[in-house]
2 protein chains.
Amino acid sequence: MKIGQLAKTVDLDIQTLRYYESQGLINEPQRLENGYRDYPQNSVERLRFIKKAKLVGFTLKEIKDLLAIQVTKDEHTCQEVKNFTQIKLDEINQKINELSEIKAALQKIHTSCCGGEETAAHCSILQALEN
Amino acid sequence: MKIGQLAKTVDLDIQTLRYYESQGLINEPQRLENGYRDYPQNSVERLRFIKKAKLVGFTLKEIKDLLAIQVTKDEHTCQEVKNFTQIKLDEINQKINELSEIKAALQKIHTSCCGGEETAAHCSILQALEN
DNA sequence: TTAAACCCTAAAGTGTACTAGAGGGTCAAA
DNA sequence: TTTGACCCTCTAGTACACTTTAGGGTTTAA
């Protein structure tokens, strides 16, 4: 799969794909005889993962680390992976909690708005957070 | 409350607070006779909200918009707020879904790692996502 | 009274993540 | 064969969110 096709499939632009390659987020793909990049099918999943992780506030460096997780028979590496995943799980749980709070506040505003009379007058997100 | 105290309370540095002020994320506080900023107590909540929202990937511009939500008796404004909060709720739900997927994958790796024999050999986050 | 700890503005610098531009080669259809 | 849509590298530029620096004034404890 050539770069233009891949870019369209994952909705990123060509320069971004080359940038991700330069930053080590995706492997250097094989080249065709003419020098064009030829991506394997699984690049699509990898890039979709990168997009997901970016959306929720992970940096490219952090995403690279997530993608680098590899459990092998080596016990040392295994323990490292276990520690790393635990840290990331904690971070993710925190993010989910923060999102849930913001969501609850928005829902409160959304529900009370236009809900009748003047219930929601001067309602702000900070006020909605103070339950 | 002076800027140093506020910075310590919310764990941001002084320059960041002045930067947020310059970007309109926090209001210009009153000044003491000597020209020092004197923040009201509620700056703490506002800044904590900003930190939460940043953690989960909102930009300062988006956070400013969230903080600007005000439901008034004006029907027009009310409808706008309802539309805006709905859009933000959709975004937040999407973020929660992405986080849940990443979390499930990490949990799978975390659980299978060192779990016995060689079950988790060469397990990566992308493989863990393919259920 | 002086030194450390605090505050001020304005401007320049940094890191991250792209994004655009220059200058070129490749390929398929008209 | 030439036009348009692709692809390549390398370099420079941009937007965002700080962070540092320069050059000052203020406050407080020793």
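In what follows, chains are A, B, ... by sequence order, proteins preceding strands, each numbered from 1.
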[X] [atom1] to [N] [atom2], straight-line distance once rounded to whole Å:
X      : N       : atom1 : atom2 : value
E21(B) : dA17(D) : CD    : P     : 17 Å
I63(B) : dA17(D) : CD1   : P     : 8 Å
I3(A)  : dA5(D)  : CD1   : P     : 19 Å
K2(B)  : dT28(D) : NZ    : P     : 6 Å
Y36(B) : dT9(C)  : OH    : C1'   : 13 Å
Y20(A) : dT19(C) : OH    : P     : 9 Å
Q15(B) : dG13(C) : CD    : C1'   : 13 Å
L32(B) : dG25(D) : CG    : C1'   : 14 Å

Problem - Thiol sulfurs of C113(A) and C123(A) closer than 2.5 Å - result: no
Completion exercise
On DNA chain D, more 5' by nearest nucleotide between Y19(B) and D38(A) is D38(A)
Completion exercise
Out of dC18(C), dA17(D), dT9(C), minimum distance to the side chain of T59(B) belongs to dA17(D)
Exercise for the section: Just call it for I14(B): base, sugar-phosphate, or nothing, with non-hydrogen atoms closer than 4.0 Å on any strand. Expected result: sugar-phosphate
Exercise for the section: Give one of base, sugar-phosphate or nothing for R37(A), where a contact means two heavy atoms less than 4.0 Å apart. Expected result: sugar-phosphate
Completion exercise
CG of L60(B) to CD1 of I50(B), rounded to nearest 0.5 Å, is 8.0 Å
Practice task
Report the distance from atom CD1 of I125(A) to atom CG of L67(B), rounding to the nearest 0.5 Å.
Solution key: 7.0 Å
Practice task
May I ask you to verify if any side-chain N or O of R31(A) is less than 4.0 angstrom from the OP1 or OP2 atom of dT9(D)?
Solution key: yes
Practice task
Respond yes when some side-chain nitrogen or oxygen of N34(B) is under 4.0 Å from OP1 or OP2 of dC7(C), and no when none is.
Solution key: no
Fill in the blank from the handout: By nearest-heavy-atom nucleotide on DNA chain C, the more 5' of G4(B) and D13(A) is G4(B)
Practice task
Check whether any side-chain N or O of K51(B) sits under 3.5 Å from a backbone N or O of V10(B) as a donor-acceptor pair, and report yes or no.
Solution key: yes
Practice task
Verify the distance criterion only: is there a donor paired with an acceptor across the side chains of Q86(B) and D90(B) at less than 3.5 Å?
Solution key: yes
